[in-house]
Every structure is written in structure tokens, then in C-alpha cells.
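Right, one structure below, let's go through it.
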Amino acid sequence: MTKFAYFNRAIRPIEEAQISIMNLTFNYGIGCFGGLRGYWDPKQEEINVFRIRDHYRRFLNSAKMLMATFDYTVDSLTDITLELLSREDWQENCYIRPLAYKANSMGGVQLHDQEDVVAIFARPVGKEIQRNGGLKVGTSSWRRVDDTAIPARGKLIGSYVNSAFIKSEAKLNGFDEAIVLSQDGHVSEGSIANFFMVRDGVLITPPIYANALEGITRRTVSELAQTELGLKVVERDIDRTELYIADEAFFCGTGMQMAPILSVDHRLIGNGQIGAITQEISDLYFQVVTGQVSQYQHWLTPVPQLERV
Ligand code: PMP
């Protein structure tokens with residue numbers, strides 16, 4: 001259960017973290033957010049937050065695009081988050097949600113001359129990691145928001161209307177998830193996750209300019225695949241029909257974690273089972289985030305324990 005939030009520049013009971021229906025961000029979606037995970041380490045009996053500084057770097061970049069004027073830094077946001085999680089004192093995995101928004105009441109639809117604030121809350125998500133068993137995916141009839149309209153490289157609140165259109169269409173049409181194309185018809189990403197495919201042993205992912213989010217998990221996968229598994233990783237445009245002849249494919253993201261794709265538009269990917277490279281990357285990813293690979297400890301930030309009396 002969530003007991004606290006960082007709100008109005010202090011950690012307070014979650015019940016006090018309320019905003020008005022007149023709030024500008026609530027009315028127009030002008031804000032941004034982050035999504036981080038903390039993984040419970042049963043041996044050390046502590047939670048480790050994964051790549052917290054990289055997440056806050058992207059969060060501040062998203063806020064910068066929205067002309068936020070606050071004085072938060074990667075360091076201060078990291079400290080606040082660790083204190084919040086310390087106070088929550090969970091002994092399980094958790095998901096952390098920082099938000100940057102305009103605290104003004106509804107007024108001008110503009111980025112500048114607003115009151116920019118930050119709020120953070122987290123949620124416990126259980127001791128066990130739920131691994132995704134494999135997805136049936138369809139190509140969305142919607143297109144990804146374009147950088148010339150709402151930039152997809154940052155996590156801007158309003159752009160998740162686009163994600164919701166994509167997700168609902170896919171689910172209601174009997175798929176688990178969707179692949180969405182950019183305006184020029186190349187693969188962009190999933191509704192809330194980045195995309196990779198494997199062809200002839202090479203890992204291929206769309207470039208960020210295909211209107212994909214600058215994903216932290218995407219970067220993690222690229223680095224692990226190259227450094228630990230010796231795989232070649234290529235960023236290039238992907239056609240829709242190239243998906244149909246991929247050997248393997250998967251989504252990755254903080255929320256989805258690693259999600260193998262078993263079919264696209266009713267065509268099996270490979271033999272319709274989780275691919276060998278996907279499995280290997282996925283296993284390594286979960287080992288890394290749960291602190292079992294010593295050379296990637298620097299991606300983990302332990303939550304300080306509360307003094308127990
Ligand atoms: N794309 C979108 C649209 C997302 O919402 C997310 C989740 N943050 C991702 C990709 C994956 O990004 P990350 O690995 O940084 O969580």
C-alpha cells in the first residue's frame with residue numbers, strides 16, 4: 001500500500017497529494033513523467049532502484065522540452081526518491097512514478113510562464129517478478145505521434161492518448177499489444193515499450209527518429225547484447241513486412257520489462273516460440289536488475305534502510 005508522496009516540496013501522507021480539477025495539466029495534458037522500478041533483493045534485504053540517474057536525466061529532458069523552470073537536479077530527485085522509498089519501507093518490488101506538471105489553474109494553453117512542480121509516488125508490486133510469456137501483436141492502424149506534433153522521445157503526458165488509442169484497438173481486436181508505425185510508415189515501437197527484432201543473429205531496433213521514446217531499457221538491452229552476448233546491434237528503419245520474416249522479436253521497457261513477441265498480424269515470428277536470443281537477453285536482463293551480475297551493480301541504487309528501534 002502506498003502511504004506517502006512527494007508533493008508540494010515535502011514527503012507527505014498520500015491522502016494530502018491532491019490536485020484541483022481546474023489544474024492546467026489535468027485539463028490539457030501539459031506535463032511529463034517517468035517510470036522506474038525498484039527490485040527487492042532478498043539476500044541484502046534492500047530495494048535497488050534500476051538506473052535511477054538515467055531515468056531522472058530523461059525526466060529532466062522531458063521537462064525541459066516543456067519549458068519547466070524548476071530547480072530540481074538528477075541528484076535532488078534521486079535523494080527525494082530514495083527518502084520516499086525509505087519511508088515506505090517495503091520488502092518487495094516497486095514501481096516509481098515522478099511527475100512534472102504545471103500547478104496553475106486552467107488558463108493559457110502554453111508552456112511558458114507557468115508554475116512548474118514535481119510530485120513523486122510509488123507502488124509496491126509484489127515479491128515475484130511476473131515474466132511475460134509471449135505476445136500476439138497486431139500492427140496498429142494508428143500512427144505514432146510525430147516529433148513535429150508531440151515529441152515521442154520524451155515521456156509527455158498528452159502523448160499517452162496516442163498510446164491508449166493504440167492499446168485499446170489492439171486489445172479489442174484480439175491482440176495483446178500493437179506495433180505502431182511512424183508517419184512515414186516505418187516501425188516505431190509498442191504502445192508503452194521499445195521494439196527489437198532479430199534477423200540472422202543481428203539485433204535490430206528502430207532509430208529514435210522513428211518517433212520512439214529514448215528508452216532506458218532499450219539502451220540496457222543494446223549494451224548487454226553487445227558487451228555480454230557479443231551480438232551486433234543495428235539501429236535502422238524497419239518495414240512492416242520485415243516484421244513478418246523476423247526470426248525473433250520482443251518489446252522492452254520498464255513497465256513491460258522483457259516481452260517476447262510470438263506473432264505479428266497473424267504471422268508467426270520464427271516458429272511461434274520465444275526465440276533463443278530473446279530468451280538469453282531476457283534472462284540476463286532479469287539477472288542484472290536483481291543485482292546478480294556484479295559488473296552492472298553501478299546501475300543499481302540501494303534504498304537506505306530506516307533505522308529500526
Ligand atoms: N516507449 C514508450 C512509449 C513508453 O511509455 C515506455 C515506458 N517508459 C518505453 C518505450 C520504454 O522506456 P523505458 O525502457 O525507459 O521504460
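Remember, it's 1-based here, ligands and their atoms both numbered in the order they're listed.
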Geometric class of the Phe175/His266 ring pair [parallel <30°, tilted 30-60°, perpendicular >60°]: tilted
Mutual orientation of the aromatic rings belonging to Phe250 and Phe196 [parallel < 30°, tilted 30-60°, perpendicular > 60°]: parallel
Close approach of Ala193 to ligand 1, heavy atoms, under 4.0 angstrom: yes
Ligand 1 contact by Ser191, heavy-atom criterion under 4.0 angstrom: yes
Within 45° cone of Tyr95 ring axis and under 6.0 Å: Arg37 NZ or CZ: no
Lys/Arg cation over aromatic Tyr72: Arg9, 6.0 Å, 45° cone: yes
Those atoms of ligand 1 less than 4.0 Å from some heavy atom in Glu189: 1 (N), 2 (C), 3 (C), 10 (C)
Atom indices of ligand 1, in the order listed, that fall short of 4.0 Å to a heavy atom of Arg58: 12 (O), 13 (P), 15 (O)
Side-chain donor-acceptor pair present, Ser191, Glu177, cut-off under 3.5 Å: yes
Pair Tyr296, Glu228: side-chain N/O donor-acceptor within cut-off below 3.5 Å: yes
In the protein, which heavy atom is nearest to [atom], and how far is it?
atom: atom 8 (N) of ligand 1; answer: Lys155 NZ, 2.6 Å
atom: atom 5 (O) of ligand 1; answer: Tyr160 OH, 2.4 Å
atom: atom 14 (O) of ligand 1; answer: Thr217 OG1, 2.5 Å

Arg144 and ligand 1 - part of the residue with a heavy-atom distance under 4.0 Å: side chain
From Ile192, Thr254, Leu213 - option closest to atom 12 (O) of ligand 1 by heavy atom: Leu213
Ile216 N/O to ligand 1 N/O under 3.5 Å: yes
Within 6.0 Å of NZ in Lys136, more than 12 heavy atoms from elsewhere: no
